[in-house]
Amino acid sequence: MKKLLYFFTAVFLWNCSVKQKPVFIKVDDVKLLSIVSDTIKLSANAFFENPNDIGGKISTDFIKVIVNGAELARVSSEEFKVPARKEFAIPLQVVIPTKEVFQNNKNGILGGLLNSLINQSIKVQFKGDLRYKVLGFSHVYPVDKTEDIKIKF
């Protein structure tokens, strides 16, 4: 019975192996979701294609959010389950407390943001790493996406 179990496990692992890492396509769809008195909410999507027969997990906790040249937040979410043999997008959402903007005024962040509000655009950069893990295999994808976002009132 044990030999039969080992045989089926070996066949399963042989047929469902990780042939290559998922392909990182791009980070896009950077949007300003809302500006309220206590928070600024941003979102983006990281696009991938997984050619493997099995999924895995991607963690996003290693991405910094830089607004007008100042690091104000990090993307934080639970691990994302990667689907097998599909293209997929991981939502990256960020909540920036406005108190961070006011406390970091020594670097001119507040003045830069006020200038951005007057010009009706802000420069947002997502920079860091996405980490993919499956069956003891892991890979790091560097992310560095900068975009000017138009502010609509």
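Quick caveat: nothing in here was measured; it's all calculated off a predicted structure. Values reported hereafter were calculated over all heavy atoms of this structure, with side chains retained and with hydrogens, waters and symmetry mates removed.
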Enquirer: Is there a side-chain contact between L72 and K64 in this structure, where contact means two heavy atoms from C-beta onward sitting under 4.5 Å apart?
Expert: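 Side chain of L72 against side chain of K64, heavy atoms only: no contact under 4.5 Å found.
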Enquirer: Between F48 and I90, is any pair of side-chain heavy atoms under 4.5 Å apart?
Expert: yes
Enquirer: On a heavy-atom basis, which atom in Y132 and which in G55 lie closest, and how many Å separate them?
Expert: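 Taking every non-hydrogen atom into account, OH-O, 3.1 Å.
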Enquirer: Same cluster or not: I63 versus F24, using hydrophobic residues (I, L, V, M, F, W, Y) connected whenever any side-chain heavy atoms lie under 4.5 Å apart?
Expert: yes
Enquirer: Do the non-hydrogen side-chain atoms of F126 and I66 ever get within less than 4.5 Å of each other?
Expert: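 They are not in side-chain contact.
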Enquirer: Any idea which heavy atoms bring N50 and P83 closest together, and the distance?
Expert: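 Shortest heavy-atom separation between N50 and P83 comes out as ND2-O, 2.9 Å.
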Enquirer: Tell me which pairs pass salt bridge (Lys or Arg N to Asp or Glu O under 4.0 Å) where either residue lies in residues 38-52, with sequence neighbours left out.
Expert: none
Enquirer: Which heavy atom in P22 sits nearest to a heavy atom in P51, and how many Å separate them?
Expert: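 Between these two residues, the closest heavy atoms are CA-CD, 4.0 Å.
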Enquirer: Are D28 and K145 side-chain neighbours, meaning at least one heavy-atom pair lies under 4.5 Å?
Expert: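 They are in side-chain contact.
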Enquirer: Mind checking the CZ-CD1 spacing from R74 to I96? Nearest 0.5 Å is all I need.
Expert: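 The CD1 atom of I96 is 13.0 Å from CZ of R74, to the nearest 0.5 Å.
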Enquirer: Below 4.5 Å, heavy atoms only, C-beta onward: do S59 and F80 meet side chain to side chain?
Expert: no
Enquirer: Hey, are the side chains of F47 and F88 touching, using non-hydrogen atoms and a 4.5 Å cut-off?
Expert: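 F47 does not reach F88 side chain to side chain.
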Enquirer: Checking side chain to side chain contact (heavy atoms under 4.5 Å, CB included) for the pair D53/R85: CA distance, chi angles, key distance, verdict?
Expert: CA-CA 6 Å; D53 294 329; R85 295 200 161 273; 2.7 Å; yes
Enquirer: Can you get from L42 to F62 by hopping between Ile, Leu, Val, Met, Phe, Trp and Tyr side chains that sit under 4.5 Å apart?
Expert: no
Enquirer: Quick one: are T146 and K123 in side-chain contact, heavy atoms under 4.5 Å?
Expert: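 Yes, close enough: below the 4.5 Å cut-off.
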Enquirer: Look at the side-chain heavy atoms of Ile, Leu, Val, Met, Phe, Trp and Tyr, link any pair under 4.5 Å apart, and say whether L32 and L92 land in one connected group.
Expert: yes
Enquirer: I need the full list of salt bridge (Lys or Arg N to Asp or Glu O under 4.0 Å) pairs touching residues 127-136, with sequence neighbours left out, sorted by first then second residue.
Expert: E79-K133
Enquirer: Measure the acute angle between the ring planes of F137 and H139, then classify it against the limits of 30° and 60° as parallel, tilted or perpendicular.
Expert: parallel
Enquirer: Is the closest side-chain heavy-atom distance between K57 and V82 below 4.5 Å?
Expert: no
Enquirer: I need the minimum non-hydrogen distance between A89 and P91, along with the two atoms involved.
Expert: O-CD, 3.7 Å
